[in-house]
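The structure appears below as structure tokens.
Chain letters run A, B, ... following the sequence lines, proteins first, then strands; residues in each count from 1. Quantities reported herein were computed from a predicted structural model and do not represent experimental measurements.
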2 protein chains.
Amino acid sequence: MIPEEFKLDNQLCFRLYTASRLLTQAYHPLLSEQGITYPQYLVLLVLWEKDAQPVNDIAKRLHLETNTVTPLLQRMEKEGILTRKKGETDARQMIVSLTKKGSGLRRKLADVPSTVGSAVICDSVTPDTAHDLFRMLDDIIKTLSEKQ
Amino acid sequence: MIPEEFKLDNQLCFRLYTASRLLTQAYHPLLSEQGITYPQYLVLLVLWEKDAQPVNDIAKRLHLETNTVTPLLQRMEKEGILTRKKGETDARQMIVSLTKKGSGLRRKLADVPSTVGSAVICDSVTPDTAHDLFRMLDDIIKTLSEKQ
DNA sequence: TTTGTTTATATCGTTCACGATGCAAATATA
DNA sequence: TATATTTGCATCGTGAACGATATAAACAAA
């Protein structure tokens with residue numbers, strides 16, 4: 001017999017991993033329509049909030065390393081969604097700014113949050129109870145990101 | 001001003017994605033010590049529960065497609081962790097079985113669940129409240145996996 | 001000023017994920 | 001029994017993630 005803690009059903013990480021993948025898949029048809037991926041959508045969310053940010057700020061906001069974000073941004077630059085140019089005050093920085101196409105995607109993707117949101121609503125997760133879930137996930141993220 | 005639902009902070013998927021990645025990173029030092037990755041650890045959990053399963057059963061258990069699982073298993077076979085051989089009743093199937101090394105890893109990874117578990121404990125997620133989180137995640141997974 | 005250290009970004013290699021496609025074995029239908 | 005369809009797995013291409021490493025600019029110390 002296997003010890004309880006070795007059972008897949010007992011693993012938090014597996015649930016997070018699966019829920020994350022499945023929910024990302026729910027975004028896919030909506031995003032691919034505009035030729036972008038989910039991580040690219042996250043970059044857009046960050047830049048829609050505040051345009052013209054250095055790579056590092058974007059990476060920090062997404063809890064990603066620059067070696068993940070840099071190629072992501074390069075692909076998005078190639079698609080004409082954003083531009084990357086050297087910082088004027090600090091020449092090490094690369095300032096990432098939205099192009100017309102990039103900021104225009106905000107309107108074209110306007111329905112994404114509500115469309116995906118309604119797909120996740122189930123017995124235990126409704127707009128009401130989502131708050132509890134958010135709090136727990138934020139706490140996990142905070143605890144783990146402080147360990148690095 | 002940006003509509004509320006477009007703010008990164010309001011996105012469930014981003015939280016799941018981040019929490020999943022950070023928690024997987026917490027597994028990394030423990031798993032790499034034995035030369036395996038987190039998805040490979042998941043395969044081991046499945047096979048420790050029940051040895052000698054076809055590729056399809058493993059994929060279904062992990063909510064992954066076979067085109068993800070097949071290369072994963074091939075790498076694990078090359079590492080001598082498992083074997084893959086054609087099914088006797090159904091020649092299309094590939095039956096995956098643990099080697100001595102593969103089942104031996106169970107003892108060597110015995111401390112992983114408790115070690116990682118204690119790293120996630122924070123104010124809002126304790127062994128007590130984890131149950132609520134599990135229920136919500138299971139519900140999300142169930143809802144989304146039924147949509148395919 | 002020279003040297004050393006930190007910081008910001010980039011490059012490389014490996015391993016997932018996953019859509020699209022291919023193929024052979026099994027099964028259903030004609 | 002032929003033919004068509006489904007099933008199980010594999011291959012391919014692309015885009016993440018991420019550890020390790022590199023490079024140049026900024027900054028600190030000698």
Under 4.0 Å, heavy atom to any atom of DNA chain C: which of residues 28-47 of chain B qualify? T37(B), P39(B), Q40(B)
Does anything in residues 54-74 of chain A come within less than 4.0 Å of DNA chain D? Heavy atoms only, and list the residues if so. L64(A), N67(A), T68(A), L72(A)
Please tell me if R21(A) has a side-chain N or O lying less than 4.0 Å from either OP1 or OP2 of dC16(C). no
Quickly work out the [X] [atom1] to [N] [atom2] distance and round it to whole Å.
X	N	atom1	atom2	value
Q25(B)	dT15(C)	CD	P	18 Å
Q53(A)	dT9(C)	CD	P	11 Å
L23(A)	dA17(C)	CG	P	16 Å
M94(B)	dA26(C)	CE	C1'	17 Å
D90(B)	dT27(C)	CG	P	6 Å

Comparing I95(B) with T24(B), nearest DNA chain D nucleotide closer to 5' gives the residue I95(B)
Whichever of E79(A) and T89(A) has the more 5' nearest nucleotide on DNA chain D, that residue is E79(A)
May I have all residue pairs that pass salt bridge (Lys or Arg N to Asp or Glu O under 4.0 Å) and include part of residues 55-66 of chain B, sequence neighbours excluded? D9(A)-R61(B), E49(B)-R61(B)
Not counting sequence neighbours, list each pair that qualifies as a salt bridge (Lys or Arg N to Asp or Glu O under 4.0 Å) and has a residue in residues 10-33 of chain B. D138(A)-R15(B)
Please check this pair: side chain of T126(B) against backbone of T129(B), looking for a donor-acceptor N/O pair closer than 3.5 Å. yes
Would you please name every residue forming a side chain to side chain contact (heavy atoms under 4.5 Å, CB included) with R75(B), sequence neighbours left out? Q40(B), P71(B), L72(B)
Not counting sequence neighbours, which residues clear side chain to side chain contact (heavy atoms under 4.5 Å, CB included) with S124(B)? List them please. R135(A), M136(A), D139(A)
Are F134(A) and V125(B) joined in one hydrophobic group, where the rule is that I, L, V, M, F, W and Y side chains link up if heavy atoms are under 4.5 Å apart? yes
ring-ring contact (aromatic ring centres under 6.0 Å, His included) filter on Y17(B), not counting sequence neighbours, yields Y38(A)
Return the set of residues passing ring-ring contact (aromatic ring centres under 6.0 Å, His included) with F6(B) (not counting sequence neighbours), or none when no residue passes. W48(A)
Which two nucleotides bound the region of DNA chain D that has atoms under 4.0 Å from heavy atoms of chain B, read 5' to 3'? dT7(D) to dG19(D)
Please list all pairs meeting ring-ring contact (aromatic ring centres under 6.0 Å, His included) that have one or both residues in residues 66-109 of chain B, counting only residues at least two apart or in different chains. none
For residues 76-85 of chain B, dump all side-chain donor-acceptor pairs below 3.5 Å to protein atoms at least two apart in sequence or in another chain.
from   : atom 1 : to     : atom 2 : distance (Å)
E77(B) : OE1    : R84(B) : NE     : 3.1
E77(B) : OE2    : R84(B) : N      : 3.4

side-chain hydrogen bond (donor to acceptor under 3.5 Å, both in side chains) filter on D123(A), not counting sequence neighbours, yields none
